[in-house]
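Scroll down for the structure; my scribbles are underneath it.
For ligands, and for the atoms within them, numbers begin at 1 and follow the listed sequence.
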Amino acid sequence: MVDMNVVALAGGVGGAKLVDGLAQVMNPENLTVIVNTGDDFEHLGLYICPDLDTVCYTLAGIANPATGWGRADETWNVLDSLSALGGPTWFRLGDRDLGLHLERTRRLHAGDTLSQITIDFCASWGISVKILPMSDDVVPTWVYTDEGELPFQEYFVHRQCNPRVKGFRFNGVEHANPAPGVIESLHQADLVVICPSNPWVSVDPILSIPGLRQMVAERRTLAVSPIVSGKALKGPAAKMYSELGIDPSVISVSQHYRGLLDGFVMDTLDVGQAGFVEGSGILPYVTDTVMKNRQDRKRLAYQVLAFGKKMEKSPK
Ligand code: FO1
C-alpha cells in the first residue's frame with residue numbers, strides 16, 4: 001500500500017480507469033478524486049452528472065464494462081416507453097441509472113449540495129475513496145464549433161463530436177467556488193495526479209475553478225497522457241487538438257499543462273518524444289499506459305505512484 005496523500009483530477013472513462021487502479025493500490029483515506037462537472041446537464045427534467053457517475057460506478061464495480069459509462073446489467077424499459085411516446089432517446093438512460101438521476105434531482109431540489117449528495121451516494125455504494133465534485137456551483141461546458149456554440153452533451157453525444165471545435169467555455173467558472181474539501185485535499189496532497197482524461201473538457205474545467213490551477217502548480221504534480229501515438233484511447237481529445245491546429249502528440253499534452261507538471265507518464269509507443277518532454281523541464285516516465293483490464297489499471301497506478309514518489313518537485 002502507498003502512504004502518500006494523493007489527489008487525482010479526473011473526468012470521464014479514461015480518468016475513472018486510473019482512479020480504479022489507484023483505489024486498488026492505496027489506502028482509501030489517502031486518495032481524493034476531484035471530478036469534472038462541466039459535462040453535467042438537465043435532461044428529461046433530471047440533473048445528470050456523467051463524470052461523477054462514471055467515477056463512482058467504476059469504483060463501486062457496477063459500471064458498464066463495454067461503454068465505461070452507465071450501469072452494468074442495465075435494462076431499458078423506461079427509455080423504450082419514452083421512445084414509444086416520441087420522447088428523446090439520444091442520451092441513453094437505463095432503468096438502474098435513472099434511479100440515481102431521480103434521487104440526485106430530488107435531493108438537489110430539496111436544497112442538498114452536489115458534494116453532500118455524492119458523499120451519501122458513495123456511502124451507499126461502499127466507496128471509501130473521497131469523491132468530490134470540482135464545485136457545487138453549476139459550471140456547464142459549452143463547445144464553440146463551426147456550427148455555432150453547443151452545450152457539451154449536445155456536441156458530445158447528440159452530434160457525436162462531429163462539429164469542428166473552435167474553443168470551449170466553462171459558463172460561470174470565474175464565479176464558481178471549489179466544493180468543500182477540494183482546497184483542503186490539495187493543501188494536504190503529497191502528489192497530484194492529472195488522470196488520462198480529455199485535457200480540454202475534463203481537466204481544464206477543474207483547473208479553471210479560481211485558485212485551483214495555482215494550488216496544483218504549487219504541489220508535486222504529474223499527468224498521464226490521454227493521447228497515445230497521436231490518438232486518444234477514447235473520445236475526441238486528439239480530434240479537438242487537430243481542429244484547434246495543435247499536433248495531437250504527447251508533447252502537446254505536456255505543454256497543455258505547462259507550469260503545472262513535474263512529471264509526465266507516456267506510452268512506450270511515444271518513447272521517441274520522451275527527450276522533448278524532458279527538454280521542457282518535465283521528467284518523463286515511459287510505460288504501457290493502455291488499460292485493457294483491472295490488472296492493467298492496478299499496474300499502471302502502482303507505476304504512477306512509484307514514479308510520483310521518486311519525482312522531485314521541480315521549481316516552476
Ligand atoms: N455517452 C454517449 O456517447 N452516449 C450516451 O447515450 C451516453 C449516455 C450516458 C448516460 C449516463 C452517463 O452518466 C453518461 C452517458 N454518456 C453517454 C457518457 C457521457 O456523455 C459523458 O459525458 C462522457 O463519458 C464524457 O465524459
Side-chain angles (χ1 to χ4, degrees), residues 8-20 33-60 62-80 82-83 87-105 108 114 117-118 121-122 125 127 131 133-134 138-143 150-163 165 168 170-171 194-206 226 232-240 291:
L9 308 186
V13 174
K17 286 180 178 174
L18 184 59
V19 166
D20 182 34
V33 188
I34 300 173
V35 183
N36 168 48
T37 58
D39 292 10
D40 299 2
F41 76 132
E42 189 137 352
H43 185 61
L44 302 176
L46 298 171
Y47 193 72
I48 295 169
C49 306
D51 284 355
L52 275 173
D53 296 348
T54 297
V55 168
C56 291
Y57 281 161
T58 301
L59 286 178
I62 55 176
N64 179 322
T67 54
W69 49 262
R71 287 281 297 263
D73 310 318
E74 188 59 279
T75 53
W76 304 93
N77 298 299
V78 172
L79 214 59
D80 289 347
L82 183 81
S83 178
T89 58
W90 59 271
F91 195 81
R92 298 194 53 70
L93 292 167
D95 300 329
R96 297 182 193 282
D97 197 27
L98 279 162
L100 159 55
H101 306 309
L102 285 165
E103 178 56 3
R104 175 184 282 128
T105 303
L108 287 169
L114 183 58
I117 294 167
T118 304
F121 284 8
C122 284
W125 284 318
I127 296 170
I131 309 295
M134 67 189 196
V138 177
V139 185
T141 296
W142 284 74
V143 185
L150 300 172
F152 180 77
Q153 296 299 347
E154 188 60 31
Y155 162 80
F156 187 87
V157 178
H158 209 180
R159 303 300 313 284
Q160 300 178 342
C161 306
N162 287 321
V165 305
F168 309 95
F170 312 131
N171 194 44
I194 300 179
C195 291
S197 301
N198 187 313
W200 300 104
V201 290
S202 292
V203 181
D204 280 355
I206 301 171
L233 295 173
K234 188 174 174 77
K239 179 175 179 286
M240 289 177 170
M291 296 175 276

Next on the checklist: For the 3.5 Å polar cut-off, considering only N or O atoms, please tell me whether R92 and ligand 1 meet it.
Outcome noted: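 Among all N and O atoms of R92, at least one is under 3.5 Å from an N or O of ligand 1.
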Item to check | Close N or O approach (Q153, ligand 1; < 3.5 Å) | outcome: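 Right, the criterion is met.
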Checklist entry - How does D51 reach ligand 1, if at all, at less than 4.0 Å between non-hydrogen atoms: by side chain, backbone, both, or neither? => result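 Side chain only.
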Next on the checklist: Is the contact between D97 and ligand 1 made by the side chain, the backbone, both, or neither, using heavy atoms and a 4.0 Å cut-off?
Outcome noted: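 The answer is the side chain of D97.
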Checklist entry - Considering only heavy atoms, which of P50, P236, C161 lies nearest to atom 13 (O) of ligand 1? => result P50
For [X], atoms of ligand 1 separated by under 4.0 Å from a heavy atom:
X    : answer
W90  : 6 (O)
F152 : 22 (O)
F156 : 20 (O), 23 (C), 25 (C)

Checklist entry - How far is atom 25 (C) of ligand 1 from its nearest protein heavy atom, and which residue and atom is that? => result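 In this structure, atom 25 (C) of ligand 1 has D39 OD2, 3.4 Å as its nearest protein heavy atom.
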Checklist entry - Can you check whether V78's main-chain N or O pairs, donor with acceptor, with D95's side chain at less than 3.5 Å? => result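 Such a contact is found between D95 side chain and V78 backbone.
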Checklist entry - Just one of V203, I206, I131 clears the side chain to side chain contact (heavy atoms under 4.5 Å, CB included) bar with I34, so which one? => result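 Single side chain to side chain contact (heavy atoms under 4.5 Å, CB included) partner of I34 among V203, I206, I131: I206.
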Checklist entry - So, for W142 and Y155, is the gap between ring centers shorter than 6.0 Å? => result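 Aromatic pair excluded; centres sit 6.0 Å or further apart.
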Checklist entry - In terms of ring plane angle, is the pair H43 and F41 parallel, tilted or perpendicular, where the classes change at 30° and 60°? => result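 H43 and F41: parallel rings.
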Item to check | Test item: side-chain donor near acceptor, T58 and D20, under 3.5 Å | outcome: no
